[in-house]
Amino acid sequence: MSTATPRYRFAPSPTGYFHVGGARTALYNWLLALKNNGIFVLRIEDTDESRNEPQWTQGIIDALAWIGIDSNDPHFEGPYFQSTYAAEHVVAAQKLFDSGNAYYCDQTSEQIQERAKAAGLNGYDGHSRDRGLAPGPGHVLRFKVPAGKTIVHDTVRGEVEFENSTIEDFVLLRGNGTPVFLLANVVDDITMNISHVLRAEEHLPNTPKQQMLWNALGVTPPVWAHVPVLVNEQRKKLSKRRDKVAVEQYREEGILPQAMVNYLMTLGWAPHGDTEIVPWEKIVDEFALESVNHSPAFFDIKKLQSFNGEYIRMMPLEDFISAAEVILTSSAAPWPAERYKPEMFRAMAELVQTRVVVMAEVCALVDFLFLAEPSIDDAAFTKAFGADFATPTLAEIATAFATVEWNAESLKTAVETVGTKHDVKLGKLQGPLRIAITGRSVGPPLFEPIELLGRDESLRRIKSALARAQG
RNA sequence: GCCCCCAUCGUCUAGUGGCCUAGGACACCACCCUUUCAAGGUGGCGGCACGGGUUCGAAUCCCGUUGGGGGUGCCA
């Protein structure tokens, strides 16, 4: 390789949301640009005007920033827009025509199919190769695939050989004169001086065509690298229809960007040693394209969440509190804004931190502190109060709470005393109390929040639950 | 149909001919801890797709089979 600055690129089409597979490809390119002191070029492939919206571009930039690909970083270049290079695409097409590497063809797809069927062959047969057709309405420009074979040198896969006879004379310019993806992509890579094309494996079958184009245009092809695709449980390529693929959605749920990045990087690759949860710096340091796996990887949300839980627990408490507060004070919170008490959450934060896997779960764990009335889980209520001891013991607890010294420790002792008397273990005994206070059968430790709630409110909730149990 | 890619526990992976009785992580199960639920700790379940070679020796190399996936547009 030359000593010139390596130039990588990420070329998404703006289709409305940012795909996790795209995030992974972007990450690979970014990582290599950082590691090899190269440039990460962002090019928006916006030539399909029918599904193109300007705000999607900002969405891509935001999503990239979220996973640490900062458009202000000196390694970042762009965004460029494919649509602004339309003239170059046509010039290149003209060049290919002039040099005899391409020809015009007037065959419709029906005609092509008919002839293929008659001949028992597949695809286009090169019918117009030597007909000397001129450009004209409805005439497409086709590339004249040369004889021989094309060998693609792929950094992750090695040498992949294609027999040129199996590649039909593909279209460069549509009947209306606009360039197709294959051409536009190559021409842009050439004009942007791209040296490394790293993308998902689904592009591998296109690569010989692109390589022929580079050669026909008189430019040395780039270094190719095709990483395996991400698949769902059915081992199919992740799709927007069936699968949860939007990075934005994970972000909203409270997946931490570090967790997402770390997880994505363990798909098809692993850091040295027995630990998968590793800092980005270690990944940059150890990563090598040559060691990327060759087979598709299942995007396992459970494992992502497990990573996320670890990252949440790793956060300093203060950071966790600030991160939680974003959600707690947002419109997603089920209580009126003025009822939110930051000091109450602070007091609970440590107990919450080990109990959430995504940040969005924080709400449900503390909502009873900020809601005027806890939202009661009916099934859990019925179950908890179905026990014989439930009502009498809870009544006694209420009596004790009326006079007990108001702190978590004393509250717990008071409940235990009732338990001893009725021969019910604390674990069971606290069930009805928990429902009365929080509305749920599970949650953070009970006595701390009761202390926070205060005597009056706690007693009110207990009595209200008792009344409900009665009738 | 044709072309291409791929193949280690259910999943993500470590493994580059002897350190493999195949290691780790997620998930699952059990136990411990425990104020429910988590977290944490300990242990368990579970895999080299199959068949041929090559070799003193193969998860690792070769061939084949089978099975998956991707691509085959005047989409990107």
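Order of the sequence lines fixes the chain letters, A, B, ..., with proteins taken first and strands second; residue numbering starts at 1 for each chain. Nothing here was measured: the structure is a model prediction, and the numbers come from that model.
Here the side chain of A/E201 is nearest to one of B/rG69, B/rA7, B/rA76, namely B/rG69. With distances taken from any side-chain atom of A/K412 to the nucleotides B/rU35, B/rC4, B/rC74, the minimum falls on B/rU35. Of all nucleotides listed (B/rC74, B/rC4, B/rU13), B/rC74 comes nearest to the side chain of A/V171. Set against B/rC12, B/rG71, B/rU36, the side chain of A/E202 has B/rG71 as its closest nucleotide. Counting only heavy atoms from C-beta on, A/R157 has its side chain closest to B/rC5 among B/rU35, B/rC5, B/rA76. Out of B/rA7, B/rU35, B/rU36, the shortest distance to the side chain of A/V442 is found at B/rU36.
Here B/rA22 sits opposite no nucleotide as a Watson-Crick or G-U wobble pair (both hydrogen-bonding atom distances under 3.5 Å). For B/rC74, there is no paired nucleotide, since no Watson-Crick or G-U wobble pair has both relevant distances below 3.5 Å. Across all strands shown, B/rA7 forms a Watson-Crick or G-U wobble pair, both distances under 3.5 Å, with B/rU66.
Taking only side-chain nitrogens and oxygens, A/R434 never comes nearer than 4.0 Å to OP1 or OP2 of B/rC37.
A/Y250 and A/N308 are not linked by any side-chain donor-acceptor pair at a separation below 3.5 angstrom, with hydrogens and angles left out of the test. Side chains of A/R174 and A/T178: a donor on one and an acceptor on the other come within 3.5 Å. Between the side chains of A/R115 and A/Q107, at least one donor-acceptor pair of N or O atoms lies under 3.5 Å. Using modelled atom types and a 3.5 Å distance limit, the side chains of A/W224 and A/Q211 yield a donor-acceptor pair. Side-chain atoms of A/T108 and A/Q111 include a donor-acceptor pair closer than 3.5 Å. A donor-acceptor contact under 3.5 angstrom links the side chains of A/H89 and A/D188, judged on distance only.
Taking atom P in both B/rA49 and B/rU8, the straight-line distance is 6 Å, to the nearest Å. The separation of B/rG46 from B/rA30, taken at their C1' atoms, amounts to 15 Å, rounded to a whole angstrom. To the nearest whole angstrom, the two P atoms, one in B/rU36 and one in B/rC32, are 13 Å apart. Straight-line distance between the C1' atoms of B/rA59 and B/rG18: roughly 13 Å, to the nearest whole Å. Nucleotides B/rC62 and B/rC26 are separated by 35 Å at their C1' atoms, to the nearest Å. For the P atoms, the distance from B/rG69 to B/rC63 is 24 Å, rounded to whole Å. Separating the P atom of B/rU11 from that of B/rG47 is a span of 12 Å, rounded to the nearest Å. With C1' as the reference atom, B/rG23 and B/rU16 are 16 Å apart, rounded to whole Å.
Across all strands shown, A/L446 has heavy atoms under 4.0 Å from base atoms, whether or not it also approaches the sugar-phosphate. Within 4.0 Å of A/R440, counting heavy atoms only, lies no atom of the nucleic acid at all. Within the 4.0 angstrom heavy-atom criterion, no nucleotide atom of any strand lies near A/E350. Across all strands, A/E233 comes closer than 4.0 Å to no nucleic acid atom at all (heavy-atom distances). Within the 4.0 angstrom heavy-atom criterion, only backbone atoms of the sugar-phosphate kind lie near A/F162; the bases stay farther away. If you check every strand for non-hydrogen atoms under 4.0 Å, A/P208 touches nothing. Among the atoms of the strands shown, base atoms are found under 4.0 Å from some heavy atom of A/Q107. No contact: A/H226 has no heavy atom under 4.0 Å from any strand.
Mapping A/R355 and A/G268 onto RNA chain B by nearest heavy atom places A/G268 at the nucleotide closer to the 5' end. Looking at which nucleotide of RNA chain B each of A/D300 and A/V140 is closest to, the 5′-most match is held by A/D300.
When the P atom of B/rC74 is taken as reference, atom CD of A/Q113 falls 10 Å away, rounded to whole Å. The separation between A/L238 atom CG and B/rG70 atom C1' is 14 Å, rounded to whole Å. Distance CG (A/D274) to P (B/rC12): 19 Å, rounded to an integer number of Å. In this structure, OH of A/Y124 is placed 14 Å from P of B/rG73, rounded to the nearest angstrom. What separates NE2 of A/H272 from P of B/rG24 is a distance of 19 Å, to the nearest Å. The distance between atom CG of A/N293 and atom C1' of B/rC48, rounded to the nearest whole Å, is 14 Å. Between the CZ atom of A/F181 and the C1' atom of B/rU72 there is a distance of 14 Å, given to the nearest Å. Here B/rU72 presents its C1' atom at 12 Å from CG of A/L182, a figure rounded to the nearest Å.
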Using a cutoff of under 3.5 Å, can you pull out all pairs of nitrogen or oxygen atoms linking the protein to nucleotides 60-66 of chain B, with atom names and distances?
none

Q) Step by step, would you call A/K383 with A/D377 a salt bridge (Lys or Arg N to Asp or Glu O under 4.0 Å)? A) CA-CA 10 Å; A/K383 193 173 176 207; A/D377 176 336; over 6 Å; no
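Taken residue by residue, residues 418-432 of chain A places heavy atoms nearer than 4.0 Å to RNA chain B at A/L426, A/Q430.
A tilted orientation is assigned to the rings of A/F181 and A/H203, their planes being inclined by 30° to 60°. The aromatic rings of A/F10 and A/F18 sit perpendicular, their planes meeting at an angle over 60°, well past the 30° parallel limit.
In this model, a side-chain donor or acceptor of A/N206 finds a partner on the base of B/rA76 within 3.5 Å. Scanning atom types as modelled, no donor and acceptor separated by under 3.5 angstrom connect the side chain of A/K302 and the base of B/rC26. Side-chain to base pairing of A/K303 with B/rA27: no donor and acceptor N or O lie closer than 3.5 Å to each other. For B/rG24, the base has a donor-acceptor partner in the side chain of A/E276 [N/O atoms by modelled type, under 3.5 angstrom].
Under the 3.5 Å distance criterion, the side-chain polar atoms of A/E286 are matched with a main-chain donor or acceptor of A/H272.
Geometric assessment of A/K209 against the ring of A/F170 yields a positive cation-pi assignment under the 6.0 Å and 45° thresholds.
Checked against the 6.0 Å centroid threshold, A/Y28 and A/F287 count as a close aromatic pair.
Across all their heavy atoms, A/N164 and A/A147 have their closest contact at ND2-O, 3.5 Å.
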